[in-house]
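Step one of this worksheet: look at the structure below.
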Amino acid sequence: MNDTLPSWHDTPTKQAILDFVAAVTDEAGPQYVPPAARIAVFDNDGTLWCEKPMVIQLGLILRLMAARAADEPALRTQQPWQAAWERDYAWFDRAVTQHYQGDDRALRVALGGVLALSDGQVVEEVEASASAFVANERHPTLGLAYRDCVYQPMLELLRHLDRHGFSVYIVSGGGRDFMRGFSEELYGVPRERVIGSTVAYRYVEDEHGGVIVQRADLDVINDGPDKAVQIWNVTGRRPILAAGNSNGDLPMLSFAGGPVLPALRLLVVHDDGAREFEYRAGAEQAIDAVQAQGWTAVSMQRDWRQIFAGRGR
């Protein structure tokens, strides 16, 4: 058996990936793409690592919100602080799901709390907190450290692309400063290739040459159409491979290739309730698009021998 992508079953999905990479790297072939144009973009939450029962970054945010509510009792009856204080994590999960279904009311409330927490935070300290949280804290139901909730088959795909001259970018709705804290260690993706949601910054002088601190002002929510915009802003190119798992990834998937370049569009489908979680909420339009456009669905149940990097199943 071919040992390329060993955590993938030998299904048409795996073969489509291998065939695409072979085609775009064959200098004599009609689909050859020079290395500089081999851009691959991957969503993070639900595509590279687990996003249920809530997005991992929210775990850190909720801890900080609860601590703020402990110091300021008046916050305990105001959302999103109330949900953090009461450990009503489902409230935040619903806010994200409703966002992917087109309703941003709860998400705007949640963002208000996130921005309040961000104000005055030094970016290096944010990254260090993210790295420590992901390394040391555990998933509430899977029994794994968050760092081990990465999908092993996707890690293998990232490495396969790297070996074949692709430049891999993480393009996520998650916070860029948060993901920079672990992107290279967990995924082998350097910090300068992390594209995420951002708050505004300001420069503050100190005796060490100054620091960059976050402000309580939103810069970019890197989701939906903004994913395509930010890919262009950062790379100046269309990707030729794009992978996502939700409605918010549709513009990024559609943007891949364009009218000239070949493209492979992958949608990770969460259909394995025994080894991970089974859900379609927030991905309904994306699943329909895969079927209508002939894109490639990645079934966790059928295509992956092993799901998590930290567990052999």
Side-chain angles (χ1 to χ4, degrees), residues 13 40-59 61 89-108 110-111 114 139 146 149-151 153-154 157-158 168-176 178-179 187 194-197 220-231 239 241-256 263-273 275-301 303-304 307:
T13 299
V41 294
F42 287 78
D43 170 58
N44 186 42
D45 298 309
T47 300
L48 293 179
W49 71 359
C50 182
E51 66 176 357
K52 295 294 182 180
M54 63 182 178
V55 173
I56 290 174
Q57 184 177 357
L58 273 177
I61 291 171
Y89 304 150
W91 185 91
F92 290 91
D93 189 55
R94 286 194 301 272
V96 174
T97 298
Q98 290 165 1
H99 162 70
Y100 286 132
Q101 295 172 334
D103 183 353
D104 282 343
R105 288 174 294 180
L107 183 63
R108 285 194 291 269
L111 283 174
V114 173
H139 188 281
Y146 280 131
C149 293
V150 174
Y151 302 139
M154 299 305 279
L157 177 54
L158 295 180
V168 174
Y169 290 78
I170 297 175
V171 183
S172 174
R176 183 181 65 189
F178 176 80
M179 292 183 291
Y187 302 134
V194 175
I195 303 173
S197 296
V220 173
I221 298 179
N222 191 52
D223 196 47
D226 276 331
K227 285 198 172 187
V229 172
Q230 294 306 313
I231 290 168
L241 187 151
N245 77 297
S246 72
N247 298 338
D249 297 317
L250 266 173
M252 177 176 75
L253 296 170
S254 297
F255 188 59
L264 179 65
R265 305 168 181 89
L266 304 175
L267 185 80
V268 176
V269 179
H270 293 265
D271 57 1
D272 196 327
R275 295 185 297 171
E276 202 237 14
F277 300 94
E278 185 172 0
Y279 59 96
R280 292 173 57 100
E284 305 91 341
Q285 298 169 28
I287 292 171
D288 289 344
V290 166
Q291 296 170 347
Q293 302 294 333
W295 298 346
T296 302
V298 177
S299 164
M300 286 188 165
Q301 184 181 73
D303 292 321
W304 289 356
I307 290 186

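- With sequence neighbours left out, Leu264 forms a side chain to side chain contact (heavy atoms under 4.5 Å, CB included) with Ile17, Phe20, Leu241, Leu266, Thr296.
- Applying the ring-ring contact (aromatic ring centres under 6.0 Å, His included) rule to Phe42 yields no partners; only residues at least two apart in sequence or on another chain are considered.
- Residues Asp223 and Ser197 have side chains not in contact (no heavy-atom distance under 4.5 Å, counting atoms from C-beta outward).
- Rounded to the nearest 0.5 angstrom, His99 NE2 and Leu111 CG are separated by 9.0 Å.
- Here the CZ-OG distance, from Arg280 to Ser246, works out to 13.5 Å after rounding to the nearest 0.5 Å.
- For the pair Phe92 and Met54, the minimum side-chain heavy-atom distance is 4.5 Å or more.
- Counting heavy atoms from C-beta outward, Trp304 and Met154 have side chains that approach closer than 4.5 Å.
- Among residues two or more places apart in sequence or in another chain, the side chain to side chain donor-acceptor pair (under 3.5 Å) test is passed with Tyr151 by Glu276.
- Not counting sequence neighbours, the partners of Phe178 by the ring-ring contact (aromatic ring centres under 6.0 Å, His included) test are Phe182.
- Closest of all the heavy-atom pairs between Arg265 and Ala256 is NH2-O, 2.7 Å.
- Take Asp288 and apply the salt bridge (Lys or Arg N to Asp or Glu O under 4.0 Å) test, not counting sequence neighbours, and it matches no residue.
- With rounding to the nearest 0.5 angstrom, the CZ atom of Arg105 is 12.0 Å from the CG atom of Leu107.
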**Message:** Leu158 vs Leu48, test: side chain to side chain contact (heavy atoms under 4.5 Å, CB included). Steps then yes/no.
**Reply:** CA-CA 10 Å; Leu158 295 180; Leu48 293 179; 4.2 Å; yes

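- Under the side chain to side chain contact (heavy atoms under 4.5 Å, CB included) criterion, Asp93 pairs with Lys52, Thr97, not counting sequence neighbours.
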**Asked** Should Val150 and Tyr187 be marked as a side chain to side chain contact (heavy atoms under 4.5 Å, CB included) after you check the CA-CA gap, both sets of side-chain angles, and the distance that decides it?
**Response** CA-CA 9 Å; Val150 174; Tyr187 302 134; 3.7 Å; yes

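- Separating the SG atom in Cys149 from the CD1 atom in Ile307 is a distance of 11.5 Å, to the nearest 0.5 Å.
- With contacts defined as side-chain heavy-atom distances shorter than 4.5 Å, the pair Val269/Val290 does not qualify.
- Scanning all heavy atoms of the two residues, the minimum distance from Phe277 to Cys50 falls at CE1-SG, 3.6 Å.
- With contacts defined as side-chain heavy-atom distances shorter than 4.5 Å, the pair Ile231/Met252 qualifies.
- The two atoms that bring Glu284 and Ala281 nearest to each other are OE2-CA, 3.4 Å, heavy atoms only.
- For Glu278, there are no side chain to side chain donor-acceptor pair (under 3.5 Å) partners at least two apart in sequence or on another chain.
- In terms of modelled atom types and a separation under 3.5 Å, the side chain of Thr13 and the main chain of Ala297 share a donor-acceptor contact.
- Residues forming a side chain to side chain contact (heavy atoms under 4.5 Å, CB included) with Ser254 (at least two apart in sequence, or on another chain): Trp295.
- Without hydrogens or angle criteria, Glu51 side chain to Trp49 main chain gives no donor-acceptor distance under 3.5 Å.
- In this structure a side-chain-to-backbone donor-acceptor pair under 3.5 Å is present from Asp271 to Met300.
- Here Gln98 pairs with Arg94, Asp103, Ala106 under the side chain to side chain contact (heavy atoms under 4.5 Å, CB included) rule; sequence neighbours left out.
- Judged as a salt bridge (Lys or Arg N to Asp or Glu O under 4.0 Å), and not counting sequence neighbours, the contacts of Asp43 are Lys227.
- Residues satisfying the side chain to side chain donor-acceptor pair (under 3.5 Å) test with Arg176, not counting sequence neighbours, are Tyr201.
- Considering only heavy atoms from C-beta on, Gln293 stays 4.5 Å or farther from Leu253 through its side chain.
- Taken to the nearest 0.5 Å, the CD1 atom of Ile195 stands 10.0 Å off from the CD1 atom of Ile170.
- By the 4.5 Å heavy-atom criterion applied to side chains, Asp45 and Val96 are not counted as neighbours.
- Remark: Tyr279 engages His270 in a ring-ring contact (aromatic ring centres under 6.0 Å, His included) (not counting sequence neighbours).
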